[in-house]
Each structure stands twice: as structure tokens, then as C-alpha cells.
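Everything below concerns the one structure shown next.
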Amino acid sequence: MIKGIYRAASGMLPRIKRQEVIANNLANVNTAGFKRQGVFSQELGRAEQRIVPKQEGWETPMLSDIYTDHSQAVLDPTGNDFDIALDGSGFMVVESPEGDELYTRAGGFSLSTEGQLITSSGHVLMSDAGPLTLEPDSTFEVGIDGSITINGEEVGRLALVDFERPYDLERLDSGTFKASNGAVPIDPEKLHVRQGYLERANVDVIREMIDMITSFREYESNQRAIQIADDTLQKTVNQVGAKR
């Protein structure tokens, strides 16, 4: 009976985390370039065995990891030359205020006081010649291949990269990622640049709502199982120990 309570309680933990992840996906449905997250679950592993010794029949689905879904989202035209979207697998390179190289598909840029294109977090958009800097009143065009033209003269290309295993990237705030776990950037293939467009969040609201309802029902089932087991245990203790 104790085993049943343990198994039901363990099954509730990943449901709670899944609800948090789904809520975050829904909260960012209108955030340009946002990539939804999902939850893996797995059987009780070695880490859990150090806490609770594994016994036959005690294997319980546990939270394994949270992953990022890097699938392509819809591109919306904005008419703003500072908005840049990517069509295909890859990322734009930006530089953080601390000098770190980061990667993003959140292409809603603005012009800083220094004339640099920056993200909402102040990360500077990079070209193959360094930070992309514009003079006041200059015309600015980005070709589908990432070529940059300022006042009719081609000055370079956007810094674009891809990764063989993008799900290994470390997720940061504001739609940016950092190479970690040995991830090495490679040249992108079949990646097209769209100036005057923004990539939507790749969040399917209906799918997220269905997942949320399913996860909540699973949580409720485990909750009821604990309540039943607890009531049965309480009756057993009281009735077995009662004097006749």
C-alpha cells in the first residue's frame, strides 16, 4: 500500500513540471521567435535509486529533461526593415554586452544610439565583419542569402550559423541560446533570410491546451489514487488495532 502511495506521488511530480512548461509556452504564444518547450519522462533511474533503493515493481515515470522544439514557425510580414526572420534551420549571431557569442531567431531589432542593430535585450546583431552598424538616414537591405547592402553598396553578410544538434544549445532569456555541451556552429544549409518579417512563436495553442488538460487529468488520477490508498491504510490501522 505504501508502495502504491509512493508510485502515485512520484507520478504527480512530472505532471506539475509539465503544467509549468505548457503555461510558459502559452504565455509566449505572441513572442516573436519563441521556441516551445516539452518534457521528457523516463523510468526511475540511477539518480533516483540513490534516494530510494530500487525494488521490483517500484519503477515510476519520472521527469527526465526539458527540451526545446526548434521547428520552423510561420513568418509574418511587418514592413519594418529592422525586422529579420529566418526560413530554414539556423540562427543569427548576436553579441551580448559581456562579449559572449549568442544565437537567436527573435529578429525584432532596433537601432541603438551607436547605430547598431540590437535585440530587446541589447544584444548586437553581427555580420561577418563585426557588429552591423548603420549611419543616420542610410538605406539598409538584407538579401535572401544574408547579403547586406547599405546605400546601394554591398558591405558583407549576416553572421548565420547552424548546429547538428540544436537541442544541445543552452537556452537563455529573450529567445537567445548559447553553445554548450561541446556544440560547434556549422555553416547553415538551405537557410533564407527575410527582411521585413518576424517569425512567430512555434506554439500551437490547441495542442498546448489539449496537453494541459491531459496532464491535469493524469495528475488528478494520481491524486485520487493517493487518497484511496491513504483512506484504506487508515482503516486498516484503526480496525486491525481496535479492541473487540
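Any value given below was found using the heavy atoms of this structure, including those in side chains, with hydrogens, waters and symmetry copies removed.
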Fill in the blank from the handout: Rounded to the nearest 0.5 Å, the CZ atom of F216 sits from the OG atom of S221 at a distance of 10.0 Å
Fill in the blank from the handout: In this structure, CG of N28 is separated from CZ of F34 (nearest 0.5 Å) by 4.0 Å
Practice task
Identify the heavy atoms of S89 and D162 that sit nearest to each other, and give their distance.
Solution key: OG-OD2, 2.9 Å
Practice task
For residues H192 and Y197, establish whether the separation of their ring centroids is below 6.0 Å.
Solution key: no
Handout entry: Side-chain cluster (under 4.5 Å, hydrophobic types only) that L158 belongs to, other residues
Key = F82, I84, L86, M92, V94, L102, F109, L111, L117, L125, L132, L134, F140, V142, I148, I150, V155, L160, L172, L191, V193
Completion exercise
Heavy-atom nearest pair, A32 first then A106, reads O-CB, 3.6 Å
Practice task
Could I get the full list of salt bridge (charged side-chain N to carboxylate O under 4.0 Å, His left out) partners for D69, not counting sequence neighbours?
Solution key: R36
Handout entry: Test item: S180 and K178 side chains (from C-beta on) under 4.5 Å apart, heavy atoms
Key = no
Problem - Contacts of E218 that satisfy side chain to side chain donor-acceptor pair (under 3.5 Å) - sequence neighbours left out - result: R15
Handout entry: OG1 on T139 to CG on D81, rounded to 0.5 Å
Key = 9.0 Å
Practice task
Heavy atoms only: give me the nearest P131-V124 pair and the separation to one decimal.
Solution key: CB-CG1, 3.7 Å
Handout entry: Non-hydrogen side-chain atoms of Q72 and N202 separated by less than 4.5 Å
Key = no
Practice task
State yes or no: are the ring centers of Y103 and F163 separated by less than 6.0 Å?
Solution key: yes
Exercise for the section: With the side chain counted from C-beta on, respond yes when K35 and Y167 share a heavy-atom pair under 4.5 Å apart, and no when they do not. Expected result: no
Handout entry: L26 vs M209, side-chain contact (heavy atoms from CB on, under 4.5 Å): CA-CA, chis, key distance, verdict
Key = CA-CA 9 Å; L26 291 172; M209 291 300 295; 3.8 Å; yes
Problem - Atom pair OG (S215) and NZ (K17), whose distance is rounded to the nearest 0.5 Å - result: 12.5 Å
Practice task
Starting at CD of E208, measure out to CG of D211 and round the result to the nearest 0.5 Å.
Solution key: 6.0 Å
Practice task
Using side chain to side chain contact (heavy atoms under 4.5 Å, CB included) as the criterion, list what pairs up with Q37, not counting sequence neighbours.
Solution key: V21, N24, N25, I66, T68, R171
Fill in the blank from the handout: Residues P185 and A183: closest non-hydrogen pair is CD-O, 4.1 Å
Handout entry: Pairwise distance OG1(T176) to CD(E101) - rounded to 0.5 angstrom
Key = 12.5 Å
Practice task
Could I get the full list of side chain to side chain donor-acceptor pair (under 3.5 Å) partners for D145, not counting sequence neighbours?
Solution key: S147, R157
Practice task
Mind jotting down which residue pairs meet the salt bridge (Lys or Arg N to Asp or Glu O under 4.0 Å) criterion with at least one end in residues 104-125? Sequence neighbours excluded, please.
Solution key: R105-E199
Practice task
Would you indicate whether the side-chain heavy atoms of H123 and D100 approach each other to under 4.5 Å?
Solution key: no
Practice task
State plainly whether the residues R217 and E220 are in salt-bridge range, i.e. N to O under 4.0 Å.
Solution key: no
